[in-house]
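Report on the structure given below.
Chain identifiers are assigned alphabetically (A, B, ...) following the order of the sequence lines, protein sequences preceding nucleic acid strands; residue numbering begins at 1 within each chain.
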Amino acid sequence: MNTYLLYSQIYVSLTSWRGKNLDKQDVQPLETIDIEQFQTDLISWFQKEQRELPWRKDKDPYKVWVSEIMLQQTRVDTVIPYFHRFLELFPEVKDLAQAEEDQVLKAWEGLGYYSRARNLQSAVKEVYEKYGGIVPNTPKEISSLKGVGPYTAGAILSIAYGIPEPAVDGNVMRVFSRILSIWNDIAKPATRKVFETAVRELISHDNPSDFNQALMELGALICTPTSPSCLLCPVRDHCAAFHEGTQHELPIKTKNKKQKHVKMAAAILVNDKGEILIQKRPAKGLLANLWEFPNVESTLSYVDEKALLEDRFADLYSGNVHLNRSIGQLEHVFSHLIWNINIYAGTIDDGSASELQNVKFVSIEELNQYAFPVPYQKMFRMYQLEKE
DNA sequence: AAGTCGGGGCC
DNA sequence: GGCCCAGACTT
């Protein structure tokens with residue numbers, strides 16, 4: 001029973017299923033998917049061709065969890081060194097639960113989307129205190145943890161616990177948009193459910209871990225966004241797009257909007273001991289709880305910017321500020337905005353600034369103990385190069 | 001549903 | 001330049 005899943009059945013259960021190109025499928029009819037054969041082809045390919053990745057050495061739920069959080073919107077090659085360092089610093093739930101947040105953010109420095117780190121630690125604390133350090137294994141409990149959304153819940157449940165839950169990420173949507181010829185816009189939030197429904201029908205109950213990982217591995221290695229390697233694909237016989245020749249048209253994804261430009265001015269301010277003024281960013285919003293150099297959003301005209309900045313910084317830090325020189329400009333691109341920063345260097349008298357909350361004077365050697373966003377790392381590098 | 005939230009590597 | 005990436009959270 002149900003070895004073969006009729007397309008008509010899927011059609012009923014999903015919206016916009018094969019809503020387009022009904023003529024093209026007649027070229028090479030694909031009326032049925034042999035589910036068991038599909039599972040076998042997919043999983044055996046994965047077991048043979050999968051990459052050796054550090055989080056695949058064992059299925060420790062905590063390690064799987066950390067890896068899945070790091071991998072959100074982040075490439076495998078970027079994550080690998082971070083994963084090693086993070087697990088060295090925080091080998092088990094207890095270690096991360098008891099760590100200082102500043103240390104966690106330092107370990108995350110440069111990886112981006114820093115709320116992932118703060119949410120992960122918050123959730124790990126809950127696991128440590130409420131679940132005795134054991135990562136829960138039910139959809140309800142694990143989904144309630146901070147930072148664990150529908151994808152990550154399914155990934156942990158299937159990979160670490162062998163529970164047949166969908167783990168639908170960008171890879172899975174791309175792969176199944178082609179295999180099942182789904183023309184919904186994968187940029188729309190509602191579309192993910194279409195794919196979850198499909199995965200629930202197709203997932204292997206014998207090996208949900210390899211099934212889900214195989215889909216992602218296929219998306220990363222074969223069924224790539226621009227030029228899929230269909231001739232190497234282990235499931236091309238099951239693929240509607242391959243039969244119809246539409247693999248280059250799928251998936252449908254609407255474009256995202258352009259970034260807004262934000263003008264900034266920032267300064268390296270040094271006191272008479274040669275220490276540098278740094279401050280901690282607010283606990284919410286962009287780059288929350290990371291450290292930065294004095295800066296303002298500036299719509300000032302470049303003509304008088306230096307003098308106006310001196311007044312502004314003097315006011316902010318209750319000291320005499322003198323900007324000696326302009327070091328240059330820096331552009332940094334975020335997902336949704338672009339910073340254009342004018343960079344200055346100068347001095348500040350160490351009056352009452354160090355008494356301000358979230359403000360510190362630190363030596364150059366001490367700087368590397370604080371987590372800085374990449375644009376401020378670039379800024380400090382420019383400062384050091386200019387100084388020589 | 002749309003906006004916020006990083007950063008780097010391709011093409 | 002734009003696009004993508006093992007997404008989640010807030011509004």
Go through the N and O atoms of the side chain of [X] and the base of [N], and report whether any donor-acceptor pair is under 3.5 Å.
{"X": "A/Arg75", "N": "C/dC4", "value": "yes"}
{"X": "A/Ser335", "N": "B/dG6", "value": "yes"}
{"X": "A/Thr78", "N": "B/dG7", "value": "no"}

For [X], which contact category applies under a 4.0 Å heavy-atom criterion: base, sugar-phosphate, or nothing?
{"X": "A/Val172", "result": "nothing"}
{"X": "A/Phe334", "result": "sugar-phosphate"}
{"X": "A/Pro251", "result": "nothing"}
{"X": "A/Leu111", "result": "base"}
{"X": "A/Ala167", "result": "nothing"}
{"X": "A/Gly110", "result": "sugar-phosphate"}
{"X": "A/Arg174", "result": "sugar-phosphate"}
{"X": "A/Arg51", "result": "base"}
{"X": "A/Ser115", "result": "nothing"}
{"X": "A/Thr226", "result": "nothing"}

Could you tell me how far [M] sits from [N] if I compare only their [atom1] atoms? Round to whole Å.
{"N": "B/dG8", "M": "C/dA8", "atom1": "P", "answer": "22 Å"}
{"N": "B/dC5", "M": "C/dG1", "atom1": "P", "answer": "24 Å"}
{"N": "B/dG6", "M": "C/dC3", "atom1": "C1'", "answer": "15 Å"}

Between A/Tyr82 and A/Arg85, is there a cation-pi geometry (under 6.0 Å to ring centre, at most 45° from the normal)?
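Yes, A/Arg85 lies over the aromatic ring of A/Tyr82.
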Without decimals, in angstroms, what is the distance between [X] [atom1] and [N] [atom2]?
{"X": "A/Leu145", "N": "C/dA8", "atom1": "CG", "atom2": "P", "result": "12 Å"}
{"X": "A/Leu105", "N": "B/dG7", "atom1": "CG", "atom2": "P", "result": "12 Å"}
{"X": "A/Lys260", "N": "B/dC5", "atom1": "NZ", "atom2": "P", "result": "11 Å"}
{"X": "A/Asn119", "N": "B/dT4", "atom1": "CG", "atom2": "C1'", "result": "13 Å"}
{"X": "A/Leu71", "N": "C/dG7", "atom1": "CG", "atom2": "C1'", "result": "11 Å"}
{"X": "A/Ile156", "N": "C/dA8", "atom1": "CD1", "atom2": "P", "result": "10 Å"}
{"X": "A/Gln213", "N": "C/dA6", "atom1": "CD", "atom2": "P", "result": "13 Å"}
{"X": "A/His332", "N": "B/dG7", "atom1": "NE2", "atom2": "C1'", "result": "6 Å"}

Cluster question for you: counting only ILVMFWY and a side-chain heavy-atom cut-off of under 4.5 Å, with indirect links fine, are A/Ile343 and A/Leu367 together?
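Per the 4.5 Å side-chain linkage, A/Ile343 and A/Leu367 are co-clustered.
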Is a donor from one side chain sitting under 3.5 angstrom from an acceptor on the other, for A/Tyr344 and A/Glu305?
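Indeed, the side chains of A/Tyr344 and A/Glu305 share at least one donor-acceptor pair under 3.5 Å.
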Indicate yes or no for a side-chain donor-acceptor contact from A/Thr246 to the backbone of A/Glu249 under 3.5 Å, with no hydrogens or angles considered.
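Not at all, since once roles are kept as given, no pair shorter than 3.5 Å links the two residues.
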Is there a donor-acceptor pair closer than 3.5 Å between any side-chain N or O of A/Ser122 and the backbone N or O of A/Arg118?
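No, the answer is negative, given that no donor and acceptor are paired below the 3.5 Å cut-off.
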For the pair A/Asp210 and A/Gln47, evaluate side chain to side chain donor-acceptor pair (under 3.5 Å) and give the outcome as yes or no after the intermediate values.
CA-CA 8 Å; A/Asp210 282 0; A/Gln47 291 174 342; 2.8 Å; yes
Residue A/His336, side-chain atoms from C-beta onward, closest of B/dC5, C/dC9, C/dG7:
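Nearest nucleotide to the side chain: B/dC5.
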Of the listed nucleotides (C/dC3, B/dG6, B/dG7), which one gets closest to any side-chain atom of A/Gln73?
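Comparing C/dC3, B/dG6, B/dG7 against the side chain of A/Gln73, the answer is B/dG6.
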Assign each of A/Gly147 and A/Leu53 to its nearest nucleotide of DNA chain C by heavy atoms, then name whichever residue's nucleotide is nearer the 5' end.
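Looking at the nearest nucleotide for each, A/Leu53 comes out on the 5' side.
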Residue whose nearest DNA chain B nucleotide is more 5′ - A/Pro189 or A/Thr74:
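Nearest nucleotide further toward 5': that of A/Pro189.
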Taking the six-membered ring for Trp, is the centroid-to-centroid distance between A/Tyr113 and A/Trp108 below 6.0 Å?
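When the ring centroids of A/Tyr113 and A/Trp108 are compared, they turn out to be at least 6.0 Å apart.
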